[in-house]
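Inspection log for the structure reproduced underneath, given as structure tokens.
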Amino acid sequence: MLDEELQLVSRSKNGDQSAYESLYRANIGKVYALCLRLCGQKELAEDLAQESFIRAWQKLDSFRGDAKFSSWLFRLTSNVVIGHLRKHSKWQVDSLDDHEYEQSAVNRPFGLQEEIDQALRCLSDTARVVLIMYEYLGYQHNEISEITGMAIGTSKTHLHRARTTLRAQAEQQL
Amino acid sequence: MNNKNENDNVLGSLNWDIKPDRDLWPEIQAKLDANSELALTTPLEPQVQAQGTVLQMPAHIGGQKPWLAVSMAACMMLALGAFIMSSMSFQRAQDTYDLQASYIEYQKSQISLIEQQHSQVRAQFTALLNGDLGTIDSTTVAEIEMVLLTIDNASLELKQAILAHPTNSSYAAKLARTYKEELKLLNKFKTANGISI
């Protein structure tokens, strides 16, 4: 499977679009889901997923093959989404305001997928991104700091408060 | 991997493989093609792959006349781009229609000018191809005719696209580029073979 993926990458590097389409088909679901969860909007997620695949095609030469292609693609996708959020939304990399989390997702039922998604959408962009990067993508805080430009301490605080908010909602449901 | 407590991982229960409502590939492919057009100065492989069909460049053309291989590949890329763009139904809203209308008029005048040059050179070139060219073998002539046919098909599809989407100025720009590429191809061919028209 991995060999097949590397072959597709190699052919894509040589300009073979049909090989790249195979990589697209294999990864679009995960890339789109990541974009959707990071930005919280369907249409924007489609645009960002599209942009991620175009950016990946342009940067294929920088993929050395020492990690899975999907891992490389997810990191690139995170960069694309974070780049967009930094330009177009309230992106908080400095000190945190305690009001932010108190205002979010109050009295919302919690537990099912859609409900978790709703709770995620109620977090600030910054907190949601940190939570997803840490919990789902498995990044350490120093990596999150490197990618997002926020201090390591800020990343930790965002994560802690995002978890606290989600846990509080889960307890409310129980 | 980090060493997070699995109990804290509320995201683990979510579905992380969601297909978007529409297939994004046609738009991605169109943009990749558009980017390729910008990089036409880079040497291209003699074999150009287009939508599952392999267009094989004749070795005697690609090998002895690299300019012809590059030009043919460029024209084929334009043809592919034209096909994809004309088949796409999705079109983003345009911000300024007035500005666009004036741009379209400008494009039309440019196209008209290039069409005049194109018709003139093409007619002379066709006459040469049909006559006695002496140094050019019949296989090469046949291949050139095939390339010209590909370009004609691309131009035709672009014209149809312009009619179907008059507000989309990119078709007019592509048509202008198609003609320019063809003129460049014909001029290079003439120069390389010492022909003067």
Side-chain angles (χ1 to χ4, degrees), chain A residues 11-12 14-21 24-25 27-37 42-43 45-47 49-54 56-58 74 110-114 116-117 119-120 128 131-141 143-144 159-160 162-164 166-167 169-170, chain B residues 1-40 42-55 57 69-70 73-74 76-77 80-81 83-84 88 90-93:
Chain A
R11 283 169 55 200
S12 300
N14 289 325
D16 184 342
Q17 286 190 6
S18 66
Y20 193 60
E21 182 180 0
Y24 161 83
R25 301 274 170 219
N27 291 284
I28 179 61
K30 295 182 183 74
V31 167
Y32 174 70
L34 180 59
C35 290
L36 184 61
R37 296 263 159 62
K42 269 188 166 184
E43 286 186 4
E46 288 178 353
D47 288 345
Q50 197 180 98
E51 177 63 24
S52 298
F53 277 100
I54 291 166
W57 169 265
Q58 292 165 343
F74 288 169
F110 187 80
L112 300 175
Q113 284 210 8
E114 176 55 28
I116 299 173
D117 271 330
L120 280 175
R128 190 172 57 247
L131 182 73
I132 291 171
M133 290 182 84
Y134 190 89
E135 298 272 10
Y136 174 62
L137 296 175
Y139 289 131
Q140 296 286 359
H141 286 294
E143 294 173 293
I144 295 172
L159 177 67
H160 174 72
R163 279 174 167 175
T164 305
L166 292 184
R167 199 179 296 123
Q169 289 175 57
Chain B
M1 283 291 289
N2 55 49
N3 55 357
K4 62 185 177 289
N5 183 341
E6 288 302 318
N7 292 330
D8 286 334
N9 191 351
V10 292
L11 305 185
S13 60
L14 292 176
N15 176 13
W16 287 93
D17 193 344
I18 305 169
K19 294 281 183 282
D21 291 342
R22 61 192 171 90
D23 185 7
L24 306 178
W25 177 250
E27 289 168 56
I28 291 171
Q29 194 179 31
K31 286 181 182 171
L32 298 185
D33 288 336
N35 286 342
S36 301
E37 278 179 39
L38 293 174
L40 278 180
T42 338
L44 297 175
E45 293 291 325
Q47 187 170 303
V48 179
Q49 204 162 24
Q51 291 209 324
T53 307
V54 175
L55 304 174
M57 193 77 74
V70 172
M76 287 173 185
M77 291 298 285
L80 175 61
F83 174 76
I84 291 166
M88 281 166 52
F90 178 79
Q91 189 179 340
R92 299 214 177 267

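Just so it is clear: chains get the letters A, B, ... in the order the sequence lines come, proteins before strands, and each one is counted from 1.
- Separating the CD atom in A:E21 from the CG atom in B:D23 is a distance of 7.5 Å, to the nearest 0.5 Å.
- Atom CH2 of A:W57 and atom NZ of B:K31 lie 15.5 Å apart (nearest 0.5 Å).
- For B:W16 against A:L34, the heavy-atom pair with the smallest separation is CZ3-CA, 4.1 Å.
- Note that the OH atom of A:Y20 and the CG atom of B:L32 stand 7.0 Å from one another [nearest 0.5 Å].
- Inspection of the A:Q17 and B:Q29 side chains reveals an N or O donor paired with an N or O acceptor under 3.5 Å.
- When each of A:R25, A:K42, A:Q58 is scored by its heavy-atom pairs under 4.5 Å with chain B, the top score falls to A:R25.
- Separating the CD1 atom in B:I18 from the CG atom in A:L36 is a distance of 5.5 Å, to the nearest 0.5 Å.
- Note: A:E51 CD to B:E27 CD = 12.5 Å, rounded to the nearest 0.5 Å.
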Q.
Please determine whether side chain to side chain contact (heavy atoms under 4.5 Å, CB included) holds for the pair A:F53 and B:L24, giving the CA-CA distance in whole Å, both sets of side-chain angles, and the decisive distance to 0.1 Å.
A. CA-CA 10 Å; A:F53 277 100; B:L24 306 178; over 6 Å; no

